[in-house]
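Just the heavy atoms: all of them, side chains too, but no hydrogens, waters or symmetry mates, feed the values below.
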Amino acid sequence: MSSSGKDHLGASSSEPLPVIIVGNGPSGICLSYLLSGYTPYVKPDAVHPHPLLQRKLTEAPGVSILDQDLDYLSEGLEGRSQSPVALLFDALLRPDTDFGGNMKSVLTWKHRKEHAIPHVVLGRNLPGGAWHSIEGSMVTLSQGQWMGLPDLEVKDWMQKKRR
């Protein structure tokens, strides 16, 4: 804590935090990443395999995904979830994965400190949930690319951990 009595996100230590995330697995980590000011944008040269979504993504170049109409962008998407926003982010983070594709994400992330919201993530164990118990020979029901975080693919994490 700095001498001014505020933490690194600008919240006073005597004021309650506006957001508490319960659970420090991949979903909690992703939400914390967004609340920390990391903002998704479509890469300028990205081409999405879903033609309708690709057309919609070109309508607002340079505008954060979070500042666009998420209902409009998610129209017509199908996948494993019933949530249109979850389908949209899956489609942007892992294009065509539900259909066996292996394309890289069409998103890039920019840190915008002014958009950070003070928060805390609570969990029983180390952050990452099941990631800590993954052994090199372990097989998951989900494809490996589904286990990544917004700006960290699981294969990169496992390589750093030498697993």
Side-chain angles (χ1 to χ4, degrees), residues 19 21-117 119 121 123 125-163:
V19 177
I21 300 170
V22 178
N24 62 351
S27 295
I29 292 171
C30 290
L31 181 54
S32 177
Y33 192 71
L34 288 168
L35 292 174
S36 295
Y38 288 91
T39 308
Y41 292 82
V42 175
K43 294 175 186 173
D45 57 346
V47 177
H48 198 281
H50 190 289
L52 181 58
L53 180 56
Q54 174 61 28
R55 185 184 57 76
K56 291 176 181 180
L57 293 172
T58 62
E59 292 173 4
V63 177
S64 162
I65 292 296
L66 300 179
D67 293 327
Q68 296 185 45
D69 183 346
L70 299 180
D71 287 330
Y72 171 67
L73 290 176
S74 64
E75 285 175 353
L77 296 178
E78 296 177 356
R80 298 170 284 123
S81 175
Q82 297 300 312
S83 166
V85 174
L87 287 172
L88 174 62
F89 273 90
D90 278 352
L92 296 172
L93 286 170
R94 298 168 194 89
D96 234 8
T97 298
D98 283 341
F99 305 105
N102 197 18
M103 284 184 61
K104 293 221 178 253
S105 173
V106 299
L107 296 179
T108 186
W109 297 82
K110 297 179 184 177
H111 190 219
R112 298 174 64 190
K113 290 180 184 178
E114 69 278 9
H115 288 185
I117 297 171
H119 65 281
V121 180
N125 300 310
L126 292 172
W131 278 28
H132 292 286
S133 59
I134 294 174
E135 298 296 328
S137 62
M138 190 175 246
V139 178
T140 66
L141 294 176
S142 299
Q143 294 182 31
Q145 61 264 38
W146 289 353
M147 295 183 67
L149 296 171
D151 215 8
L152 176 64
E153 293 186 30
V154 73
K155 67 180 171 99
D156 296 336
W157 179 83
M158 289 181 77
Q159 191 173 31
K160 286 180 185 176
K161 295 290 185 178
R162 294 185 173 88
R163 295 184 178 182

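- The side-chain heavy atoms of Leu73 and Leu57, taken from C-beta on, include a pair separated by under 4.5 Å.
- Within the 4.5 Å cutoff, side-chain heavy atoms of Leu53 are placed close to those of Leu92.
- Taking 4.5 Å as the limit, some side-chain heavy atom of Leu34 sits within range of a side-chain heavy atom of Trp109.
- Within the 4.5 Å cutoff, side-chain heavy atoms of Ile65 are placed close to those of Pro40.
- For the residue pair Arg112 and Asp67, the shortest heavy atom distance occurs at NH1-OD2, 4.1 Å.
- For the atom pair CD of Glu75 and CG of Leu87, the computed distance is 13.0 Å after rounding to the nearest 0.5 Å.
- Classification of the His111-Tyr38 ring pair by plane angle, with boundaries at 30° and 60°, yields parallel.
- Summarising the geometry, atom NE2 belonging to His48 is positioned 11.5 Å from atom NZ belonging to Lys43; distances are rounded to the nearest 0.5 Å.
- One finds the OG atom of Ser36 at 11.0 Å from the CD1 atom of Ile29 (value rounded to the nearest 0.5 Å).
- Between His119 and Ser32, the closest side-chain pair of non-hydrogen atoms falls below 4.5 Å.
- Here the shortest heavy-atom pairing between Tyr72 and Lys56 reads O-NZ, 2.7 Å.
- Considering only heavy atoms from C-beta on, His115 stays 4.5 Å or farther from Ser64 through its side chain.
- Once rounded to the nearest 0.5 Å, the distance linking CG of Leu77 with CG of Leu52 reads 8.0 Å.
- Interatomic distance, CD of Gln68 versus OG of Ser74, reported as 12.0 Å (0.5 Å rounding).
- With hydrogens and angles disregarded, a donor-acceptor distance shorter than 3.5 Å links the side chain of Thr39 to the backbone of Gly37.
- Closest heavy-atom contact between Pro95 and Ser105: CD-CA, 4.0 Å.
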